[in-house]
Amino acid sequence: DGMDRVVSRTEQFRVSGGAPQDRTTVAQLAEDAKDELLRLTEEKDTWKVPVTIDLHGQSGDPMPQRTVAIQILVSDVGYGLRLDVHLSRSIEHERFKHAVTAALVYERALRRLPAKESGSRFFVPPWLADGLREDDPDRIPGEDGPRTEGHQRPHPGLLHEQRVKRAADE
């Protein structure tokens, strides 16, 4: 039923499950993460692999071991990506955007790969999505709040837009 699904602005993300406001919020967050990645990489939006986002559970449910999981889907017509998101902790904006960024990195690889190559193994290291998501020099990867005094980042901010521009100018 179309009422139980939201399709995002660019039609790349299809969200089902959860309450209507959850679906709308998730579709917008996915598009925001995509816009941020496109700005950082200075690429045009040429997506070919759709991303299905399935929302499970509700706020207050027992938390599963993983609240977000990515799966690559293969069919005769090509690839798809699925994000399974558990809402036990509501929608964790940064964690969700991190997962969308990782899915978009997979999408970039899959869009050029014939479906018959499906035996390939793919892995997006967490530090890559962290680096691509880092847009605020005071944000600690994986946390929503600013860095506290004396707290060091677990690793330098890879691909921070200003750092990339400075390196290109040198």
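Everything numeric in this text was worked out from a predicted model, so none of it was measured.
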Engineer: Please confirm whether the backbone N or O of Leu73 pairs with a side-chain atom of Arg82, one donor and one acceptor, at under 3.5 Å?
Structural biologist: no
Engineer: Okay, side chain of Gln71, backbone of Leu83: is any donor-acceptor separation there less than 3.5 Å?
Structural biologist: no
Engineer: Determine, for Asp32 against Lys34, whether the closest basic-nitrogen to carboxylate-oxygen distance falls under 4.0 angstrom.
Structural biologist: no
Engineer: What residues, two or more places apart in sequence or in another chain, satisfy side chain to side chain donor-acceptor pair (under 3.5 Å) together with Thr25?
Structural biologist: none
Engineer: Of all heavy-atom pairs between Ile70 and Ala102, which one has the smallest distance, and what is that distance?
Structural biologist: CD1-CB, 3.8 Å
Engineer: Do Ile91 and Leu29 pass the side-chain contact (heavy atoms from CB on, under 4.5 Å) test, and can you show the C-alpha distance, the side-chain angles, and the key distance before you say yes or no?
Structural biologist: CA-CA 10 Å; Ile91 300 166; Leu29 285 171; 3.7 Å; yes
Engineer: Tell me if a side-chain donor or acceptor on Gln12 pairs with a main-chain N or O of Trp47 at a distance below 3.5 Å.
Structural biologist: no
Engineer: Evaluate the side-chain proximity of Ile72 to Tyr79: yes if any heavy-atom separation is below 4.5 Å, no if none is.
Structural biologist: yes
Engineer: Does any non-hydrogen side-chain atom of Leu81 lie less than 4.5 Å from one of Leu110?
Structural biologist: yes
Engineer: Output the distance between atom CG (Leu104) and atom CG (Leu38), rounded to the nearest 0.5 Å.
Structural biologist: 7.5 Å
Engineer: Before you tell me yes or no, could you show the steps for Glu107 and Lys48 under salt bridge (charged side-chain N to carboxylate O under 4.0 Å, His left out), namely the whole-Å CA-CA distance, both residues' side-chain angles and the distance that decides it to 0.1 Å?
Structural biologist: CA-CA 8 Å; Glu107 192 276 337; Lys48 293 184 179 162; over 6 Å; no
Engineer: For Asp61, check side chain to side chain donor-acceptor pair (under 3.5 Å) against everything at least two apart and list the hits.
Structural biologist: none
Engineer: Are the charged groups of Arg9 and Asp35 less than 4.0 angstrom apart, N to O?
Structural biologist: yes
Engineer: State, with a plain yes or no, whether a side-chain heavy atom of Pro64 is found less than 4.5 Å away from one of Ser88.
Structural biologist: yes
Engineer: Would you check if there is a donor-acceptor pair between the side chains of Thr46 and Arg111 at a distance under 3.5 Å?
Structural biologist: yes
Engineer: If we ignore angles and hydrogens, is there a donor and acceptor under 3.5 Å between the side chains of Ser16 and Asp4?
Structural biologist: no
Engineer: Looking at Glu11, I'd like to know if its CD atom is crowded, meaning that more than 12 non-hydrogen atoms belonging to other residues, nucleotides or ligands lie closer than 6.0 Å.
Structural biologist: no
Engineer: For Val49 and Gly80, which heavy atoms make the closest approach, and how far apart are they?
Structural biologist: CG1-CA, 3.7 Å
Engineer: So, for Thr101 and Ala33, which heavy atoms are closest and what is the spacing to 0.1 Å?
Structural biologist: OG1-CB, 4.3 Å
Engineer: Closest approach of Gly18 and Leu87, non-hydrogen atoms and distance?
Structural biologist: CA-CD1, 4.2 Å
Engineer: How would you list, by chain and number, every residue that makes a salt bridge (Lys or Arg N to Asp or Glu O under 4.0 Å) with Arg108, sequence neighbours excluded?
Structural biologist: Glu43
